Amino acid sequence: MPPSAVASLTHQCSLLLRRLAERHSPAPAPTCPSSFLRALRCLHARLLTANLLHAPSHPHLTLRLIHLYTLSPDLATPAVLFRCDPGPVAATSLVAAHAATGRLRDAAAFFDAVPPARRDTVLHNAMISAFARASLAAPAVSVFRTLLGSGSLRPDDYSFTALLSAVSQMHNLAASHCTQLHCSVLKSGAAAVLSVSNALIALYMKCDTPESSWDARKVLDEMPDKDDLTWTTMVVGYVRRGDVNAARSVFEEVDGKFDVVWNAMISGYVQSGMCADAFELFRRMVSEKVPLDEFTFTSILSACANAGFFVHGKSVHGQIIRLQTNFVPEAALPVNNALVTLYSKGGKIVVAKRIFDTMKPKDVVSWNTILSGYIDSGCLDKAVEVFKAMPYKNDLSWMVMVSGYVHGGLSEDALKLFNHMRAEDVKPCDYTYAGAIAACGELGALKHGKQLHAHLVQCGFEASNSAENALLTMYAKCGAVKDARLVFLVMPNVDSVSWNAMISALGQHGYGREALELFDQMVAEGIAPDRISFLTILTACNHAGLVHEGFHYFESMKRDFGISPGENHYARLIDLLGRAGRIGEARDLIKTMPFEPTPSIWEAILSGCRTNGDMEFGAYAADQLFRMIPQHDGTYILLSNTYSAAGRWADAARVRKLMRDRGVKKEPGCSWIEVGSKIHVFLVGDTKHPEAQEVYRFLEVIGARMRKLGYVPDIKFVLHDMEPHEKEYVLFAHSEKLAVGFGLLKLPPGATVTVLKNLRICGDCHTAMMFMSKAVGREIVVRDVRRFHHFKDGECSCGNYW
DNA sequence: ATAGGGTTAG
């Protein structure tokens, strides 16, 4: 065989590899174009005819061919090739190639296929590192043990490097593991090798006992030669431990810093949310003329996007445009992805889309970025378009879309997509479960939510905070406080979100005292309450009528926790006072506020005045509110009713005119139904039950009436059955846009019904309740977010709204 | 034929 022919074949192998790399976007299993496979087969044939397959003179050609095959989904052929030569050399190549593409099972199969007597140290090393890549410490250790136990073979520095890297990824890495491994490294004499020492540092840094970072430092200090990796490992290790200051001091220690250390430090700042410091370091890098590469730019762009430094981000973009010619396309990809993130977070979704469109290689990250960009900007329809057009998706894409639907108020679509996903055999991640569970909460679909809970447990996601918090919230929204509490009690990692959600669950369902107790317990356990915690606790006081306590927590928020109350905190407190008949104090309170009253403050005042019959001040509040931009349609209704009640007919007429002009439906009780919307009716018990059917027929009568009024030309009732929940009954406000009906079956007299959502002032639920109490002929007590009402024979005790 | 660090999406 002439050397030129061998060279040409070698060259062709490299060409094919490059072609594949260009197409190699969604790791781990790339879809190869058929032309690639054809070219590969052709190459294979040429090697065969030239008698170069397994030729001892040119072993690299066969190995390259194997490598090319392993990158393709056609796994049969390398197996065939391997059968010709099941020796350790071919096997090593196959093990490594499969491990690199994430196909661990195949990698292990090739290892196993070599008879133990023929396995050498290198093959063992490849297998250990394959397990290390997959973060599987135990099997890596066991391969290492077989290597030790073989008798004839000895582990070398590669073996130790791979072993240490595998062990360092263990979840509960104990300090004793580290010292033990350190000892065996010392005994073997491999400690002098740089890569082994580096791996040892990484190992100690991954162990979370405080002393282990000292051990890492000791290894570093005793090393005769250190390379850039030594320092980088140390910096990265400290960042991972959450000790940015230590990372910084190590960083400052390095002489003649390599760009990788700078990049690691910048990324450390970004990860710790210290974006200003990241930017400062970036400036230093520029002034010290450290070469900037794609890693630098990607991190710094991400810092700009996270911290909202859009002007800086734009100037970095300018810098990149000047340098971009130096980037190979693969290197530019993450940079472009970060740019898309920057612009979409900066509210410039159009610019983001333009960059996205011009990007040459795109990967899953690019698609996911533009997808969530659209969702964050509220363009749900565009997001759906992108989602459908995506050439490849991963679990994150599904997750973004599912929670995007929930966020956009389309919970049903979220659940549909979730089911679709499972039908396509895509495994949902914990965040996707969280989205679907949140959708159930929005829809009040308790049964479905429980099913998802079961799936969650099956998938082993109990340790996921997002999923567990979603469960807690879902149960709370469905009125299943007991289940919510159970979730809270057995959760492995309770965070501040969980505490707030649990406190809110108790507060919303009338367990005011318990909510306060839980809040105190949270503080006692050293969790600092945030503004949301206080909003929650004030709401709880509000529901339970605990005025004194409300004031206490309001004061404590400022005094003990240094949180200055915001508009919503004041509004809650005013609401609380108003309901307790202490409207005078509420009036005094707004004078002490450090800011001008906002619409929500005036609304709280107004509803307080209305319940207290203080029409004079109520009218004043209404005047203030009238000047401002109404927050929602209900404000108009509230204003119109207030002016009417105060006898200011001209003003009431003005409001009504405004409502007409702005297209607000004025009829209370009907204005909330959107044309063509569905009404969800949740029945306690069995939908097939004759009584349920009766309720259903009654709803049809209501529907007919609404049709007659011309508001809802196409009304549809959807029945959901739910399980009776002890003495608690739940009235679901499905969403603010949709109306809610309620059917009562076997409801004991005086049973408590909880209204779950903060409803609009025009009182969608109230209407339904009035109709329902008339239908059932029984008194219903409603424990509402806003007020307590009694409904009897179709009349509401409050009477204010009708 | 085998090893170790820094990049992007929620």
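Proteins come first, then strands; the chains are lettered A, B, ... in the order of their sequence lines, and each starts at number 1. What you are looking at is a predicted structure, and each value in this text was computed from that prediction instead of being measured.
N394(A) is linked by a side chain to side chain contact (heavy atoms under 4.5 Å, CB included) to V364(A), N368(A), L396(A), S397(A), counting only residues two or more places apart in sequence or in another chain. Scanning for side chain to side chain contact (heavy atoms under 4.5 Å, CB included) contacts around D413(A) gives Y405(A), L410(A), K416(A), with sequence neighbours left out. Remark: A307(A) pairs with C275(A), F309(A) by the side chain to side chain contact (heavy atoms under 4.5 Å, CB included) rule, at least two apart or across chains. Among residues two or more places apart in sequence or in another chain, the ring-ring contact (aromatic ring centres under 6.0 Å, His included) test is passed with F297(A) by none. Scanning for ring-ring contact (aromatic ring centres under 6.0 Å, His included) contacts around H407(A) gives an empty result, with sequence neighbours left out. Scanning for side chain to side chain contact (heavy atoms under 4.5 Å, CB included) contacts around S498(A) gives N469(A), L472(A), F488(A), M491(A), V494(A), D495(A), with sequence neighbours left out.
Annotation: W367(A) is in aromatic contact with F356(A) [ring centroid separation under 6.0 Å]. Aromatic pair F282(A)/W262(A): centroids not less than 6.0 angstrom apart.
Across all strands, D157(A) comes closer than 4.0 Å to no nucleic acid atom at all (heavy-atom distances). Contact annotation for S267(A): backbone-only contact, meaning every heavy-atom pair under 4.0 Å involves sugar-phosphate atoms and none involves a base. When heavy atoms are screened at a 4.0 angstrom cut-off, D293(A) is found touching base atoms of the nucleic acid. Residue contacts shown for T369(A) are limited to sugar-phosphate atoms, with no base heavy atom under 4.0 Å away. Within 4.0 Å of D430(A), counting heavy atoms only, lies no atom of the nucleic acid at all.
Near DNA chain B, meaning a heavy atom under 4.0 Å away, the residues from residues 117-128 of chain A are D120(A), V122(A), N125(A). Within residues 236-250 of chain A, the residues that place at least one heavy atom under 4.0 Å from DNA chain B are, in residue-number order, V236(A).
Residue pairs satisfying the salt bridge (charged side-chain N to carboxylate O under 4.0 Å, His left out) criterion with at least one member in residues 288-304 of chain A, sequence neighbours excluded, are listed as follows: R284(A)-E288(A). Residue pairs meeting the side-chain hydrogen bond (donor to acceptor under 3.5 Å, both in side chains) criterion with at least one partner in residues 341-355 of chain A, sequence neighbours excluded, are N306(A)-K345(A), H317(A)-Y343(A), K353(A)-D357(A).
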Identify every side-chain donor-acceptor pair in residues 125-141 of chain A under 3.5 Å, counting partners at least two apart or on other chains, and give the distances.
residue: N125(A); atom: OD1; partner: S159(A); partner atom: OG; Å: 2.7
residue: N125(A); atom: ND2; partner: D156(A); partner atom: OD1; Å: 3.0
residue: S135(A); atom: OG; partner: Q169(A); partner atom: OE1; Å: 2.6

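Bracketed by its first and final contacts, the part of DNA chain B lying under 4.0 Å from non-hydrogen atoms of chain A reaches from dA1(B) to dG10(B) in 5' to 3' order.
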